[in-house]
A.B. asks: 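Have a look at this one.
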There are 2 protein chains.
Amino acid sequence: MAVPDGPGIRELELFRDMTDEHFVTLMRGAYVQNFPPQIELITEGEPSDFLHIVLSGAVDLFAGWNGRETSMATVRPISTFILAATIRDAPYLMSARTLEKSRIALIPSEDVRAIFAADSAFARAIVAELAQCYRSVIKAQKDIKLRTSLERLANFLLRQQKRASGGAEFDLPFEKRRLASVLGMTPENLSRAFKGLQPYGIEVDGTRIRIRDQALLERFAKPSPLIDDHAS
Amino acid sequence: MAVPDGPGIRELELFRDMTDEHFVTLMRGAYVQNFPPQIELITEGEPSDFLHIVLSGAVDLFAGWNGRETSMATVRPISTFILAATIRDAPYLMSARTLEKSRIALIPSEDVRAIFAADSAFARAIVAELAQCYRSVIKAQKDIKLRTSLERLANFLLRQQKRASGGAEFDLPFEKRRLASVLGMTPENLSRAFKGLQPYGIEVDGTRIRIRDQALLERFAKPSPLIDDHAS
DNA sequence: GGCGACTCTTGATATTTATCAATCACGTGA
DNA sequence: TCACGTGATTGATAAATATCAAGAGTCGCC
């Protein structure tokens with residue numbers, strides 16, 4: 001029930017430039033909660049009552065249809081999720097579950113919409129964030145429509161490598177079966193895809209990845225900033 | 001070169017609530033142009049100098065990688081495209097080309113960003129539009145990750161039917177090869193997919209579609225508002 | 001009317017991906 | 001320590017999808 005004034009939130013791009021007064025108002029109705037792993041935080045189809053912010057841990061956004069399920073994205077600290085549903089006051093399009101023990105801030109959607117109308121700096125930040133999210137999904141869409149699973153994996157590894165300081169070795173950020181789902185394939189196929197990348201210098205040991213020949217992998221993966229740059 | 005004060009733009013949700021003064025300012029730098037079919041309006045990777053608005057005709061948004069190409073969406077009057085790139089002042093993630101003879105309004109991105117900062121009603125409208133766009137892409141992503149090509153086609157037909165007044169017969173809104181690309185398959189496979197839907201009461205005659213048994217098709221397609229409702 | 005360019009369709013085949021079943025590896029807790 | 005559960009891997013097979021190569025229809029145009 002503590003007000004989430006701890007490290008992080010205020011420094012989020014989304015809240016950085018709004019007035020103190022509005023920030024306090026927003027936080028008054030908010031609360032922070034700790035969740036164990038594998039807890040379903042929201043369910044697709046439900047009304048969006050809260051804007052969620054991951055303070056620590058990790059959250060998986062996923063969606064289902066007709067008995068199938070697919071992982072759409074992983075949210076890591078410190079960022080928000082389901083902003084769009086909150087803004088439009090529309091039902092969630094995705095479900096969310098904790099991957100690890102996580103600390104989540106919840107801000108009533110109503111308050112977000114109210115302050116959004118009153119604080120133009122906040123409004124601007126929301127627009128920037130939404131535009132960013134939109135572009136991320138477009139990139140994911142291009143990834144899946146233009147590339148084979150092997151190419152998707154190769155490019156994922158390059159992106160992950162960059163995120164993990166750029167060295168030749170790094171760890172996968174989550175379980176392989178979730179990676180498979182994110183990349184739009186089955187766990188069995190992911191195993192085979194890793195083998196398929198051996199000729200391009202990929203070594204796998206459990207969750208540890210080693211890129212033996214950076215140039216060779218890049219020649220195969222052909223990463224493009226218009227798909228793989230998460231920043232722009 | 002005429003100022004685009006004709007029917008439509010001002011009534012767009014995006015511009016409806018902004019002040020007259022700001023609207024006029026925005027339109028001062030804008031211009032309207034007619035394009036023949038198959039003209040490439042923008043190219044992915046280029047800086048986003050203009051917000052585009054389709055006044056009449058139709059525009060295809062597509063993306064390419066490594067010699068492949070895929071159709072991402074079709075923009076029909078009256079709506080904008082590449083709003084996100086304009087807002088973030090980032091390069092286009094998609095290219096755009098006219099499908100038919102089209103009338104397009106172009107508003108300098110700089111002006112959009114300036115007025116956006118000054119007019120809170122405009123800012124709010126942009127947020128609503130962006131959130132809408134984001135949700136649309138999420139739905140498209142779910143469509144492609146959770147469904148087979150046959151299911152995607154079946155649901156596309158149901159969506160198209162609804163858009164075309166809901167009768168048992170309607171026309172495809174564009175060429176089959178583009179439809180194939182939108183649905184993430186090859187033209188050959190689309191042909192076969194249409195045949196595969198015959199047992200579910202689909203009849204195809206050129207661009208004309210007939211749904212002989214609505215309930216049967218829906219039982220197969222299992223449309224979901226969380227994927228197929230374009231409105232919410 | 002008939003040529004040419006184009007899309008669409010069809011068939012044969014290859015590739016990619018999924019499914020099913022079994023085994024392996026690893027960590028946890030009794 | 002050893003069973004147990006879980007995720008990862010592997011192999012065999014099936015299904016989905018793509019590719020290649022014709023052919024058939026369509027449309028505009030001379």
A.B. asks: Could you state the atom-to-atom distance from CD of Glu151(B) to P of dA16(D) in whole Å?
C.D. replies: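 The distance from CD of Glu151(B) to P of dA16(D) comes to 10 Å, rounded to the nearest Å.
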A.B. asks: Can you tell me how far apart OG (Ser79(B)) and CD (Gln132(B)) are? Round to the nearest 0.5 Å.
C.D. replies: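 It is 10.5 Å, given to the nearest 0.5 Å.
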A.B. asks: Write down the distance between CG (Leu179(A)) and C1' (dG7(D)), rounded to a whole number of angstrom.
C.D. replies: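 The distance from CG of Leu179(A) to C1' of dG7(D) comes to 14 Å, rounded to the nearest Å.
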A.B. asks: Mind calculating the distance between CG (Leu153(A)) and C1' (dT17(C)) to the nearest angstrom?
C.D. replies: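 Rounding to the nearest Å, CG of Leu153(A) and C1' of dT17(C) are 14 Å apart.
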A.B. asks: Between dA8(D) atom P and Arg208(A) atom CZ, what is the distance in whole Å?
C.D. replies: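 Atom CZ in Arg208(A) sits about 17 Å away from atom P in dA8(D).
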A.B. asks: Taking Leu55(A)'s backbone N and O only, do any of them form a donor-acceptor pair with Arg103(A)'s side chain (distance below 3.5 Å, no angle check)?
C.D. replies: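 No; zero donor-acceptor contacts below 3.5 Å.
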A.B. asks: Taking the six-membered ring for Trp, are Phe156(B) and Phe174(B) parallel (under 30°), tilted (30 to 60°) or perpendicular (over 60°)?
C.D. replies: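 Rings of Phe156(B) and Phe174(B): tilted, as their planes differ by 30° to 60°.
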A.B. asks: Taking the side chain as every heavy atom from C-beta outward, state whether Asp205(A) and Arg210(A) have any pair of such atoms under 4.5 Å apart.
C.D. replies: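 No, every pair of side-chain atoms sits at 4.5 Å or beyond.
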A.B. asks: Using atom CZ of Arg68(A) as one end and atom C1' of dT19(C) as the other, report the distance to the nearest whole Å.
C.D. replies: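 Atom-to-atom, Arg68(A) to dT19(C), this comes out as 13 Å.
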A.B. asks: Rounded at 0.5 Å granularity, tell me how far CZ in Arg76(B) sits from CZ in Phe81(B).
C.D. replies: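 One finds 13.5 Å between CZ of Arg76(B) and CZ of Phe81(B).
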A.B. asks: For residues 181-199 of chain A, which residues have at least one heavy atom under 4.0 Å from DNA chain C?
C.D. replies: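 The answer is Gly184(A), Met185(A), Thr186(A), Glu188(A), Asn189(A), Arg192(A).
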A.B. asks: Could you tell me how far apart Lys176(A) (NZ) and dA25(C) (C1') are, to the nearest whole angstrom?
C.D. replies: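 It is 11 Å, rounded to the nearest whole Å.
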A.B. asks: Send over the distance from Asp205(B) CG to dC8(C) C1', rounded to a whole Å.
C.D. replies: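 Value for this atom pair: 13 Å.
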A.B. asks: Going by the angle between their ring planes, with limits at 30° and 60°, are Tyr200(B) and Phe220(B) parallel, tilted or perpendicular?
C.D. replies: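 Parallel.
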A.B. asks: Could you check how far CZ of Arg177(B) sits from P of dC6(C), rounded to whole Å?
C.D. replies: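 Taking CZ of Arg177(B) and P of dC6(C), I get 10 Å after rounding.
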